[in-house]
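Here the structure is laid out as structure tokens; the discussion comes afterwards.
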Protein chains: 2
Amino acid sequence: MPDDTPVKAPSRIQLRNRRRILDAALDVFAEHGYRGATLDQIAEAAGLSKPNILYYFAGKEEIHVTLLNQLMETWLDPLVEMDAGGEPLDEILAYVQRKLDMARDLPRESRLFANEILQGAPRMAPHLKADLKPLFDEKCHVIQRWIDAGKLAPIDPRHLIFAIWATTQHYADFGAQIRVLLDTDQPAPGADPFLRTLFTNLLAPTVR
Amino acid sequence: MPDDTPVKAPSRIQLRNRRRILDAALDVFAEHGYRGATLDQIAEAAGLSKPNILYYFAGKEEIHVTLLNQLMETWLDPLVEMDAGGEPLDEILAYVQRKLDMARDLPRESRLFANEILQGAPRMAPHLKADLKPLFDEKCHVIQRWIDAGKLAPIDPRHLIFAIWATTQHYADFGAQIRVLLDTDQPAPGADPFLRTLFTNLLAPTVR
DNA sequence: CGTTGGGTTGACCAAATGGTCAAAAGTTTA
DNA sequence: TAAACTTTTGACCATTTGGTCAACCCAACG
């Protein structure tokens, strides 16, 4: 049973408006969470009328789900790139750096994700199980092999990854707090070398 | 101008019901965020009628603010206890342990706080500036003095504190994700020794 | 035992919000 | 340019939600 539905290529307007809506929605969802966001807010931020938004998306939830799906790819990418064939410590430090860059470049995405997980991942749990979990398990194995080969200090790879996620995303998700404490609007100067040191000292298998 | 308002001692019923409401509200706010929570949910969780709840609190916001205020004390406590006169590394590791215990024992409080900060701390920014900032600055100085005395490796105290907050609270705030990845309902076994190692290796001023 | 005051609630309200729809305005195509 | 389509919107709707209020319940006390 071939799928012979003639899927029309989306017009220029379709493309432009869908992008606008998703961009506006990312702003709003990231700032207020799913329930806190309103279609009117999204509509205004997108420069479109509310019914027009519902012409492009079936409803509020579909917009949110679309964003979450798009995000998942971007989100896993830095971890995917971690290469089992590379130099262990370099690979992990490079991963930390990529995550930190992402927190800086895509804070809205980070907060969207944080919001979703905080609320118990109601719309994302399947994704997590299907996409993130296998990748997580695979990379844990890679790290474990590095450890077994004596290339890294013996630590629990799972908690290592959690610590990397926690420390890097913290700068995006808790940015409001950090801005108050550092009295600066520049996004957390000095975080890069600090995290480099933190994870180097943890992982370098040097005899003390 | 003496405050001669005769403040009546709250009755037993008052005390019991206010506690009930705040406990129910903590559940609901922690799970759904401020906007996502409804008075009806809180009322049901508390086993009281909605008007009855509004007999004890002026409105949704007052309940939320009350929770936030109560939280602030509990939240700062572990950091307050960090003693400038103690053994530096021990003091910091003990602080990490207290924070980790708190994430385990009070996950609702942690998520309430995380939600508030994620939304840009609309109701808490003043508190942060007034209470957290001075404490943060003071403890940064303490740590800096320890470093200057050669008792700790030279790192940026501010990012050290951020890293402690991030790694410990992660286990409460991102618990949904962690539960999926670890395939267990026990709260993150093995986190304690991992974080001990992480921060010991960062801070021990041993020559490598 | 009746009054008083704290505690409780069903019924209600106005505003906000997600969503619908028919008709109008543009755009593309034959 | 006229038909055929895609896109846009004003007006509207049902539901949810924070909040009000007058009446009611009930224990304590004179």
Side-chain angles (χ1 to χ4, degrees), chain A residues 5-68 112 115-116 119 122-123, chain B residues 5-68 112 115-116 119 122-123:
Chain A
T5 335
V7 189
K8 298 200 180 147
S11 74
R12 188 150 303 123
I13 292 179
Q14 290 255 2
L15 245 39
R16 178 176 52 88
N17 281 353
R18 285 184 77 99
R19 225 195 314 271
R20 266 197 201 179
I21 293 169
L22 288 174
D23 189 69
L26 180 55
D27 268 348
V28 179
F29 282 132
E31 193 178 332
H32 303 288
Y34 180 74
R35 298 265 332 245
T38 74
L39 282 179
D40 293 280
Q41 279 176 298
I42 296 174
E44 189 182 339
L48 298 174
S49 68
K50 183 165 66 171
N52 202 4
I53 290 217
L54 293 168
Y55 172 75
Y56 289 102
F57 291 90
K60 184 183 176 181
E61 177 143 10
E62 198 185 282
I63 302 179
H64 193 243
V65 167
T66 303
L67 281 174
L68 251 26
L112 178 72
N115 258 306
E116 171 69 9
Q119 324 286 312
R123 288 163 243 278
Chain B
T5 336
V7 189
K8 299 202 177 141
S11 74
R12 188 146 301 127
I13 293 180
Q14 290 257 2
L15 244 39
R16 178 175 54 87
N17 282 353
R18 284 184 79 99
R19 225 196 313 273
R20 267 196 201 180
I21 293 169
L22 288 174
D23 189 69
L26 179 56
D27 269 347
V28 179
F29 282 132
E31 194 178 331
H32 303 288
Y34 180 73
R35 296 263 337 240
T38 73
L39 282 179
D40 293 280
Q41 280 175 300
I42 296 174
E44 189 183 338
L48 299 173
S49 69
K50 183 164 64 169
N52 202 3
I53 290 212
L54 292 168
Y55 172 75
Y56 290 101
F57 290 90
K60 185 184 176 181
E61 178 142 9
E62 197 185 283
I63 302 179
H64 193 242
V65 168
T66 304
L67 281 174
L68 252 26
L112 178 72
N115 258 308
E116 171 69 8
Q119 323 287 314
R123 289 162 240 280

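Each chain gets a letter, A, B and so on, in the order the sequences are listed, and its residues count up from 1.
Note: B:F29 and B:Y34 have parallel aromatic rings, judged against thresholds of 30 and 60 degrees for the angle between ring planes.
A donor-acceptor contact shorter than 3.5 Å is absent between the side chain of B:R35 and the backbone of A:G33.
The shortest distance between the side-chain N/O atoms of A:Q14 and the OP1/OP2 oxygens of D:dT6 is not below 4.0 Å. Between A:Y55 and the phosphate of D:dT7, there is a side-chain N or O to OP1/OP2 separation shorter than 4.0 Å. Within the 4.0 Å cut-off from OP1 or OP2 of C:dG7, not a single side-chain nitrogen or oxygen of B:N52 is found.
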Could you go over nucleotides 14-18 of chain D and give all protein N or O partners under 3.5 Å, atom names and distances?
unit_1: D:dT17; atom_1: OP1; unit_2: A:R35; atom_2: NH2; d: 3.0
unit_1: D:dG18; atom_1: OP1; unit_2: B:A37; atom_2: O; d: 3.2
unit_1: D:dG18; atom_1: OP1; unit_2: B:K60; atom_2: NZ; d: 3.1
unit_1: D:dG18; atom_1: OP2; unit_2: B:L39; atom_2: N; d: 2.8
unit_1: D:dG18; atom_1: N7; unit_2: B:K50; atom_2: NZ; d: 3.0

Working for side-chain contact (heavy atoms from CB on, under 4.5 Å), residues A:V65 and A:E61: CA-CA 6 Å; A:V65 167; A:E61 177 143 10; 4.1 Å; yes
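The CG atom of A:L67 lies 9.0 Å from the CG atom of A:D23; values are rounded to the nearest 0.5 Å. Note that CG of B:N17 is 10.0 Å distant from OH of B:Y55, once rounded to the nearest 0.5 Å.
Protein atom CG of A:L48 is 19 Å distant from nucleotide atom P of D:dT6, rounded to whole Å. One atom, CZ of B:R12, and another, P of C:dG6, lie 17 Å apart when rounded to the nearest Å. Rounded to a whole Å, the CD atom of A:E61 is 18 Å from the P atom of C:dT17.
Distances from the side chain of B:I13 to the nucleotides C:dG7, D:dT8, C:dT20 place C:dG7 closest.
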Below 3.5 Å, can you tabulate the donor-acceptor pairs from side chains in residues 39-46 of chain A to any protein atom, sequence neighbours excluded?
unit_1: A:Q41; atom_1: OE1; unit_2: A:T38; atom_2: N; d: 3.0
unit_1: A:Q41; atom_1: OE1; unit_2: A:T38; atom_2: OG1; d: 3.4
unit_1: A:Q41; atom_1: NE2; unit_2: A:H32; atom_2: NE2; d: 3.4

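Looking at heavy-atom distances under 4.0 Å, B:Y56 makes contact with sugar-phosphate atoms alone, never a base.
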